[in-house]
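Report on the following structure.
In this text the structure is predicted, and so the values were computed from the model without any measurement. Side-chain atoms are counted along with the backbone in the values below, which use heavy atoms only and exclude waters and symmetry mates. In what follows, every chain begins at residue 1, and chains take the letters A, B, ... in the order their sequences are listed.
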Amino acid sequence: MAEKLYIDALREGLREEMQRDQSVFLLGEDIGIYGGAFGVTRGLIDEFGEERVVDTPISEQAITGIAVGAAVAGMRPVVEIMFFDFLTLSMDQLINQGAKIRYMFGGKAKVPMVIRAPMGCGTGAAAQHSQSFPGVFAHFPGLKVVIPSTPHDVKGLIKAAIRDDNPVVFAEHKLLYRVKGEVPEEDYVLPLGKADIKRKGRDITIVAGSIMVIRALEAAKELEKEGIDVEVIDPRTLKPLDMRTIIDSVKKTGRVLIVEDDPLSFGWGAEVAAGIAGSEAFDYLDAPVKRLGGLDIPIPYNPNLERHAVPQVENIVEAVRELLR
Amino acid sequence: MDLTTDKKLWMYRKMYEIRCFELEVDRLFKANMIWGTCHLSVGEEATAVGAIAALEADDMITSTHRGHGHCIAKGGKLPQMFAELLGRETGYCRGRGGSMHIADIDTGNLGANGIVGGGIPIATGAALASKMKKDGRVTLCFFGDGANNEGVFHESLNIASLWKLPVVYICENNLYGMSVAFSRSTAVKNVADRAAAYDMPGEIVDGNDVEAVYHVVKKAVERARRGEGPSLIEAKTYRWLGHSKSDANVYRTKEEIEEWKEKCPIKRYRLKLVQEKIATDEELDRIEKEVEKEIRDAIEYAKNSPEPSVDDIANGVYA
Ligand SMILES: Cc1ncc(C[n+]2csc(CCOP(=O)(O)OP(=O)(O)O)c2C)c(N)n1
């Protein structure tokens, strides 16, 4: 296995799927020679040409709808939306069209498309370029939602997303692009809907997604020094959501902290909490379920305020201590 | 409609102010004193200044992600602008907004915008308010050539024309979106050609000629104020620097950039002012010196301003 950056593993996944299947093509703003705002598609235009790495005008709604149409007609488009925030412009085509077509048409069509976008704060890009809200998409029947946290996962999951016959929202936290990790050489695909135990532990379960997995693992290291043994579960996909793995973990530890990057109110953590409360794990709880998430504010520009807008390692450490008090 | 000497000198001053501001921002950015990202308008000063010179003080504008120049021309204060970029409590947005969100409601600046095309319906709505209130104000809506392919552009122009709203749309066509050339993103040769589809006047102007921009916008503003409806103006210009901080200019040639630098709107205007004996070189030098001092003072002010307090982080989300 080789160490790779998240961004490189992601690009490799895209490249391999494009090599494997001629119907896979990329669509997005400045993804050609520029390589995308964050460099995810850099070099792919040289390999696959302008026909399959398509620079579009700045027209998110149309791009999204064009992907829906192309997918219904037999292609496998992968759309890059430059920032997750701009997915709000894609909403109608994604939610009223793409997500519903299969069911509405009585199962007579399928919409195999992926829409990927970088989310999250920590780069000083302020309120309209920093949001994380993958949980919003998990609300809509017909969509799948993936929030990969490691180079290994992002490669296996982008391949699964491309091969899936449904519209998939693929949320990449921009601070993860530069994170390194082991990536297998061989072709592998990870299932959508299977959580991953990122760290085994006895005392408490942390359910964390995307960038928060990295922070939860760091917090776990800190807490280890105090003799606290943390288990970290990464759901990896919000929809389908693997409650089974989470419930089993909570039954074992009796305590759970849920950490997300989305604003806390109505975030996906509430769905996880309700899933635990409604399951047999409820009887095993030794403390109330606790949640951490973004403050209910637009992301501020000032770096210190920005840092306080979403959970950091120290907040996770503190919350775990509280739960074990 | 003739420009007074005072106004001409004001235009020169403002263009120079924008140039200095942007170059200082670039420097502060490279020195890690500015966080995040920013989009500089070096080379495009004549469009911002010429267009805003055609407005009355209480007219409104909407701006873009490349909005520092619009803000300055509309009367934005340099200290508050630098303070915002440095994320300070004394900044226009109290350090919450940064470069892409500077707004100054007092001077009629309804804000820069991080969403391409985001200001277009907002300008249209401001114009609707003016029509309903009969307050006689006109709104000038800036946007880039990239924005003319967003749906809201088309939806807004149709409505503005239908309802005869007092709004003037001005496209700063700097020939590129981020990396995609205008000819690769847009099916018509000129943004102004699209005016025909919405039954409004469409005008093309040399965006590096500040007086030409002024005259074209002035005509459109007067028409709007008379209640005759919107116009679409396209100013052809060029940005000298990369799209934002993370741009290596791989999508255009050095020669092209150099060619446009030759057409510097400020140098060109200076020549004209001197040739037409509106001002002497000494007078213009004096203006430049004054501006440079204002910029230095503004940066000092910003550096000495307090950071926002984390205790206030959740305040101000709701009215
Ligand atoms: C809705 C939306 N899509 C994409 C972007 C990313 N983006 C920011 S500026 C830009 C290019 C805009 O081009 P143009 O309108 O011509 O303005 P310019 O940058 O040339 O001044 C892009 C694609 C954005 N901010 N908002």
Contacting region of [X] [heavy-atom separation from chain B under 4.5 Å]:
{"X": "A:Glu306", "result": "side chain"}
{"X": "A:Thr123", "result": "backbone"}
{"X": "A:His308", "result": "both"}
{"X": "A:Ala62", "result": "neither"}

So which bits of [range] come within less than 4.5 Å of chain A, counting non-hydrogen atoms only?
{"range": "residues 184-196 of chain B", "value": "B:Arg184, B:Ser185"}
{"range": "residues 91-107 of chain B", "value": "B:Gly95, B:Arg96, B:Gly97, B:Gly98, B:Met100, B:His101"}
{"range": "residues 82-90 of chain B", "value": "B:Glu84, B:Leu85, B:Gly87"}
{"range": "residues 28-42 of chain B", "value": "B:Ile34, B:Trp35, B:Gly36, B:Thr37"}

Chain A contact via [X] - side chain, backbone, both or neither, heavy atoms under 4.5 Å:
{"X": "B:Val310", "answer": "both"}
{"X": "B:Asn113", "answer": "both"}
{"X": "B:Val317", "answer": "side chain"}

More than 12 heavy atoms of other groups within 6.0 Å of [X] [atom1]:
{"X": "A:Lys100", "atom1": "NZ", "answer": "yes"}
{"X": "A:Phe266", "atom1": "CZ", "answer": "no"}
{"X": "A:Glu50", "atom1": "CD", "answer": "no"}

Practice task
Quick one: which of B:Gly146, B:Gly114, B:Ser244, B:Gly118 has the most heavy-atom pairs under 4.5 Å with chain A, could you say?
Solution key: B:Gly114
Would you check if [X] and [Y] make a side-chain contact, meaning some heavy-atom pair closer than 4.5 Å?
{"X": "A:Asn302", "Y": "B:Glu307", "value": "yes"}
{"X": "B:Met178", "Y": "A:Met82", "value": "yes"}
{"X": "B:Asp247", "Y": "A:Tyr34", "value": "yes"}

Exercise for the section: Walk me through it: do B:Glu150 and A:Glu60 pass the test side chain to side chain contact (heavy atoms under 4.5 Å, CB included)? Expected result: CA-CA 7 Å; B:Glu150 287 282 14; A:Glu60 288 79 9; 2.5 Å; yes
Completion exercise
Note: vs chain B, highest number of non-hydrogen pairs under 4.5 angstrom among A:Gln61, A:Gln128, A:His129 is A:Gln128
Fill in the blank from the handout: Counting heavy-atom pairs under 4.5 Å with chain B, the top scorer among A:Ala37, A:Gly39, A:Ser59 is A:Ser59
Handout entry: Heavy-atom donor-acceptor pair, A:Asp30 side chain to B:Ser179 backbone, under 3.5 Å
Key = yes
To the nearest 0.5 angstrom, please state how far the [atom1] atom of [X] sits from the [atom2] atom of [Y].
{"X": "B:Ile115", "Y": "A:Asp85", "atom1": "CD1", "atom2": "CG", "answer": "6.5 Å"}
{"X": "A:Leu305", "Y": "B:Ile313", "atom1": "CG", "atom2": "CD1", "answer": "5.0 Å"}
{"X": "B:Tyr318", "Y": "A:Asp296", "atom1": "OH", "atom2": "CG", "answer": "7.0 Å"}

